[in-house]
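We count residues from 1, following the sequence as given.
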Amino acid sequence: MYDVIIVGSGGAGLTAALSAKQEGKEVLVITKTLVTHSQTCQAQGGINAVLYENEDSIEQHINDTYKASLNLASKQNIKYLCEHAKDAIIWLNKIGVPFSRDENNQISQRKFGGTKMLRTCYSSDYTGLKILQTLYDKCLNEKVEFLEEHILLDLIMDEYKISCAGVTILDIKSSELKDIHAKSIILATGGYAGIYSNKTTNSTSNTADGLAIAYKNKVELSNMEFVQFHPTTLKHTNILISESARGEGGFLLDCNKERFIDELTTRDKVSRAIYKKQSDNNDVYLDLRHLGSQKIKEIMPQERDLAKEFSNILIEEEILPIEPASHYSMGGIKVDINGQTNIKNLYALGECAQANIHGANRLGGNSLLELIVMGKTVGAYAAKNHIKCEYQIKSNIEDLNVQINTLLTNDNCLNFYEDKNRLADMLFSKVGLFRSKDSLYQALDQVRKLRDNIDNIGINDKSKVYNKNLIDYIEYKNTLDIAKVTILSAIHRKESRGSHFRVDYENTDEELNLITTIKLNDGIDCVYYEDIK
């Protein structure tokens, strides 16, 4: 038995692993892909922290974060995040993250949306990737154990679903199922913005597995209606162009080559403004030409390479066609500041968790910060706090084995890939940047029909070795379950706030300064409001 199992190998999972290992515990990190393939490497622009309190201050960082949340976050939790930000940067710098430096050899900082301060530390425009690789190197040095290419199928719970005691996983290489027990389990499986798979900056492996499996085990989810759409992806590609491009002075231009919005306002406002333009058949462009070739090559080489490779455009010479896409999920598994869920010995952190920090709209640069600050906190807390299970532990591995073997042997091979594409398109159009009662109920009806049809769907590939068809099927079921939960939460919140914009309730209702919670009780989805703690 391990002391701590962490499911997910992004920045949150690796930081938690190091923190738990520092407590002298036996730690296992389980990942669906390879360790350095996580979503963290897509975070290009930077990580927030007040390093030099001349013009900026921790109090201002707290205020900016709370303002972006639109009164839907905990000031106490935000305070914790911001007060630990500088220590997080110092720690990352100490373990070897190659931050960009200014002329005085201090860590450079740039502006990001939602603030006028130079607060975002960066490593060129590869910040998330550099952090991830450095964390992995540190984990290897500290002898953290890894199990790659294993997908989470279920949690091992007690018979009353009060405590968690381990995980059931599937070996992607062999289709073998395994039970692994631990005193504490941390879910760091990433967010659910990937359910919008045809319009998302998320990787194809980001399919909300952890949230779907937690939900079916009576884990409470929260604020699932809040999904952030990033304003700038390369048109028709889903390739992210970092907010750093606008932070460094890039302009957004309409079809008349005129600026139409403050480029550094919050992402929800910028994304909706762009979407409105494009809904009227007007293209929108990102203009970086005035920054000059030397600056572009120095501070955003990745952006330059991506534009050249995928759009055949040199950004120092031409304007770049862009469009919004789903990017980040503010909702997730409901946790407290220590990552504790409503289930004993089960924790969550990173983008799969909802810790009352981001509220209705995440401030750019705070996601990487949350991974590090909360990773250190949750890893240490989970390592030191174990509650003995009082009831009989019950694994579902036998039932899951039957289900997998049935898929691998039966003749039912109806193709689900077309349904998956229709689901993604439908979610973007009906549960996207603009929503209404009618669009949401239409979406809910379609998701329920797709879910009801799941038992009529099979897979064509019957092999047990690297069966991608099988993994896609498992992921599709998880996507459907979280799509339903997201829609139900959006129906419940009858107002517009941050990333959740309802054309039939365009104003914010101050009486709804409450979080949305959704939980499965006896097979029924129960949605209700709770106070922010």
Ion pair Asp419/Arg422, N-O distance below 4.0 Å: yes
Could you go through Phe229 and Tyr196, starting from their C-alpha distance and side-chain angles, then the distance that decides it, and tell me whether this counts as ring pair (Phe, Tyr, Trp, His ring centres under 6.0 Å)? CA-CA 10 Å; Phe229 290 80; Tyr196 300 83; 5.4 Å; yes
Glu530/Lys334 ion pair, N-O < 4.0 Å: yes
Taking ring pair (Phe, Tyr, Trp, His ring centres under 6.0 Å) as the test, write out the residues that go with Phe112, two or more places apart. none
When you look at OH of Tyr160, are more than 12 heavy atoms from neighbouring residues, nucleotides or ligands closer to it than 6.0 Å? no
Should the pair Asp509-Lys494 be classified as a salt bridge under the 4.0 Å nitrogen-to-oxygen rule? no
Around atom NZ of Lys269, are there more than 12 heavy atoms of other residues, nucleotides or ligands at under 6.0 Å? no
Residues Lys437, Asp504; criterion salt bridge (charged side-chain N to carboxylate O under 4.0 Å, His left out); working and verdict: CA-CA 7 Å; Lys437 176 182 177 181; Asp504 47 349; over 6 Å; no
Output for pair (Leu221 CG, Ile482 CD1), nearest 0.5 Å, gives 5.5 Å
Assess whether atom OH of Tyr441 is packed by more than 12 heavy atoms of other residues, nucleotides or ligands within 6.0 Å. no
What donor-acceptor contacts under 3.5 angstrom involve side-chain atoms of residues 230-244, with partners at least two apart or in another chain?
unit_1: His230; atom_1: ND1; unit_2: Thr232; atom_2: N; d: 3.2
unit_1: His230; atom_1: ND1; unit_2: Thr232; atom_2: OG1; d: 3.4
unit_1: Thr232; atom_1: OG1; unit_2: Ile241; atom_2: O; d: 2.7
unit_1: Thr233; atom_1: OG1; unit_2: Glu323; atom_2: O; d: 2.7
unit_1: Lys235; atom_1: NZ; unit_2: Asp283; atom_2: OD1; d: 2.5
unit_1: Thr237; atom_1: OG1; unit_2: Leu234; atom_2: O; d: 2.8
unit_1: Thr237; atom_1: OG1; unit_2: Ile239; atom_2: N; d: 3.0
unit_1: Asn238; atom_1: OD1; unit_2: Thr200; atom_2: N; d: 3.2
unit_1: Asn238; atom_1: ND2; unit_2: Asn198; atom_2: O; d: 3.2
unit_1: Ser242; atom_1: OG; unit_2: Gly45; atom_2: N; d: 3.4
unit_1: Ser242; atom_1: OG; unit_2: Ser244; atom_2: N; d: 3.0
unit_1: Ser242; atom_1: OG; unit_2: Ser244; atom_2: OG; d: 3.0
unit_1: Glu243; atom_1: OE1; unit_2: Arg267; atom_2: NE; d: 2.4
unit_1: Glu243; atom_1: OE1; unit_2: Arg267; atom_2: NH2; d: 3.1
unit_1: Glu243; atom_1: OE2; unit_2: Gly113; atom_2: N; d: 2.4

Does Lys449, at its NZ atom, have more than 12 non-hydrogen atoms belonging to other residues, nucleotides or ligands within less than 6.0 Å? no
Look at the aromatic rings of Tyr476 and Phe416 and report parallel, tilted or perpendicular, splitting at 30° and 60°. parallel
Looking at His358 versus Tyr328, is the centre-to-centre ring distance below 6.0 Å? yes
Given side chains that start at C-beta, do those of Leu488 and His492 come closer than 4.5 Å, heavy atoms only? no
Lys477/Asp481 ion pair, N-O < 4.0 Å: no
Is the shortest heavy-atom distance from the side chain of Tyr473 to the side chain of Ile457 under 4.5 Å? yes
Exceeds 12 heavy-atom contacts within 6.0 angstrom, atom CD of Glu398: no
Does a sphere of radius 6.0 Å around NZ in Lys216 hold more than 12 heavy atoms from other residues, nucleotides or ligands, not counting ones at 6.0 Å or beyond? yes
For residues 348-356, which side-chain N or O atoms pair as donor and acceptor with protein atoms under 3.5 Å away, sequence neighbours left out?
unit_1: Glu351; atom_1: OE2; unit_2: Ser329; atom_2: N; d: 2.9
unit_1: Glu351; atom_1: OE2; unit_2: Ser329; atom_2: OG; d: 3.2
unit_1: Gln354; atom_1: OE1; unit_2: Asn356; atom_2: N; d: 2.6
unit_1: Gln354; atom_1: NE2; unit_2: Ser222; atom_2: OG; d: 2.9
unit_1: Gln354; atom_1: NE2; unit_2: Asn356; atom_2: OD1; d: 3.0
unit_1: Asn356; atom_1: ND2; unit_2: Lys533; atom_2: O; d: 3.4

Given the options Leu28, Asp179, Val7, Val167 meets side chain to side chain contact (heavy atoms under 4.5 Å, CB included) only with Val7
